[in-house]
Amino acid sequence: MRETTLRLQAEPLIRSALREDITNEDVSTISVVDGTERGRVHLLAKEDGVICGLDVFERTFQLLDPTARLKAAVREGDDVTVGEELGVVHGHVEALLSGERVALNFLQRMSGIATLTRAMARELAGTRTRLVDTRKTTPNMRVFEREAVRVGGGANHRYNLSDGVMLKDNHIDAAGGISQAVAAARARAPFVRKVEVEVENLVQLREALAAGADIVMLDNMDLATMRTAVGMVDGRAEVEVSGNVTLGRLHDLAELGVDVISCGALTHSAPILDLSLKHLVVTGRRAS
């Protein structure tokens, strides 16, 4: 994650997560340490996967102890294996104990998304089709989850509602039809924004193309219908497919020649990557 993004967008969210976990004080930790101890603890992989979020992991500890440092043995985006030592965190023992759960929550979540994304992106290797995420993210976790998709080898769709025009079924209903919705978007949206229209059948696709949509999303169509749809588009718009996207379907979808496959499961259904902090050692005391 770029330093500017980490500092401006991610750091306030990390602080919020720490406040959620420590409303007043960590009563377990202050019961066993006096606050002067320094130490180290080891980060271990408990299963195979892709590591992602090392900078977020380290910054979590640094917000509790500015001297905390992660000496990483791996780099962002590396494949890791069960039992591998991924790094050692050094700092005040109080911070290591109090920050452990929040730091691991971020790292495990981001690594899980990166792991699933890489598996799916590899299915599209050698094709012209890009795999992208959606807005189906965990509230307040979007900046982390989208970064994990990128690290895993996917790409990002629009970041939020201000980032692009996507006319879905309810927008179309509100406007009175596809033609009216596209015309309204052209009149009101900034001219630099592309207009994407979600279509569920070939009749809607014809209307979207006639209205001049820049991108058409083929939503929950079967393969035969999508194949016909790609032929109808014939290069007049970019083609995105979405709905029921699974690892097993990616190859068939890419063979259609579509530009983009969007997959909400990358963020809403990825399991965490199991990681652990173990073997904490007190190495000394800080100067009083």
Side-chain angles (χ1 to χ4, degrees), residues 1-21 43 45 49-80 86-91 95 99-122 124-125 130-164 166 190 192-194 260 262-264 266-268 270 272-273 275 277:
M1 186 176 290
R2 291 182 182 273
E3 177 63 26
T4 300
T5 302
L6 182 61
R7 186 174 61 252
L8 296 182
Q9 290 183 261
E11 191 166 297
L13 299 172
I14 301 171
R15 289 181 183 275
S16 179
L18 286 168
R19 285 194 296 268
E20 177 184 57
D21 210 37
L43 177 63
V50 177
I51 197 70
C52 177
L54 292 168
D55 48 359
V56 176
F57 177 79
E58 180 180 48
R59 187 62 64 92
T60 303
F61 289 108
Q62 290 175 342
L63 290 175
L64 298 173
D65 169 16
T67 72
R69 294 293 181 270
L70 168 65
K71 292 187 178 179
V74 295
R75 294 179 298 180
E76 192 81 344
D78 278 355
D79 290 308
V80 300
L86 310 181
V88 181
V89 188
H90 298 259
E100 173 183 351
R101 184 70 269 150
V102 171
L104 282 173
N105 283 349
F106 281 118
L107 190 63
Q108 290 181 136
R109 178 71 179 142
M110 293 178 72
S111 296
I113 291 170
T115 299
L116 176 59
T117 302
R118 179 155 302 168
M120 298 188 79
R122 282 173 175 161
L124 299 177
R130 291 176 294 163
L131 176 70
V132 307
D133 54 19
T134 71
R135 286 170 45 246
K136 295 176 182 178
T137 53
T138 309
N140 294 322
M141 284 287 289
R142 185 169 297 172
V143 66
F144 306 106
E145 293 178 351
R146 285 172 57 91
E147 173 70 3
V149 168
R150 188 193 65 78
V151 170
N156 299 136
H157 208 295
R158 60 177 179 161
Y159 186 78
N160 58 29
L161 294 174
S162 301
D163 205 30
M166 180 184 288
V192 294
R193 297 284 195 267
K194 290 183 178 181
V260 172
S262 57
C263 180
L266 295 177
T267 52
H268 70 58
I272 66 161
L273 184 69
L275 306 166
L277 282 170

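From a predicted model like this one, the values you see are computed outputs, not experimental measurements.
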State which residue, out of Val132, Thr134, Val149, fulfils the side-chain contact (heavy atoms from CB on, under 4.5 Å) condition with Asn156. Val149
Determine whether Met110 and Val151 make a side-chain contact, defined as any pair of heavy atoms from C-beta on separated by less than 4.5 Å. no
When you check the side-chain N and O atoms of Asn105 and Arg101, is any donor under 3.5 Å from an acceptor? yes
Beyond-backbone contact of Leu266 with Leu131, side-chain heavy atoms, under 4.5 angstrom: yes
Can you name the one residue among Arg146, Glu145, Arg142 that meets side-chain contact (heavy atoms from CB on, under 4.5 Å) with Thr267? Glu145
Could you check whether any side-chain heavy atom of Asp78 comes within less than 4.5 Å of a side-chain heavy atom of Leu86, counting everything from C-beta outward? no
Could you go step by step and tell me if Thr117 and Val50 meet the side chain to side chain contact (heavy atoms under 4.5 Å, CB included) rule? CA-CA 9 Å; Thr117 302; Val50 177; over 6 Å; no
Rounded distance (nearest 0.5 Å) linking atom CZ of Arg109 with atom CE of Met141: 6.5 Å
Just wondering, do Met166 and His157 contact through their side chains at under 4.5 Å, heavy atoms? yes
Indicate yes or no: at least one non-hydrogen side-chain atom of Leu107 is less than 4.5 angstrom from one of Leu43. yes
Please tell me if the side chains of Phe57 and Leu277 come closer than 4.5 Å, counting only heavy atoms from C-beta onward. yes
Residue pair Val56 / Thr60: nearest heavy atoms and the distance that separates them: O-OG1, 2.8 Å
From CA spacing to verdict: side chain to side chain contact (heavy atoms under 4.5 Å, CB included), Glu147, Thr5: CA-CA 10 Å; Glu147 173 70 3; Thr5 302; over 6 Å; no
Are Leu275 and Ser111 close enough that some pair of their side-chain heavy atoms sits under 4.5 Å apart? yes
Val143 and Tyr159, any side-chain heavy atoms less than 4.5 Å apart: yes
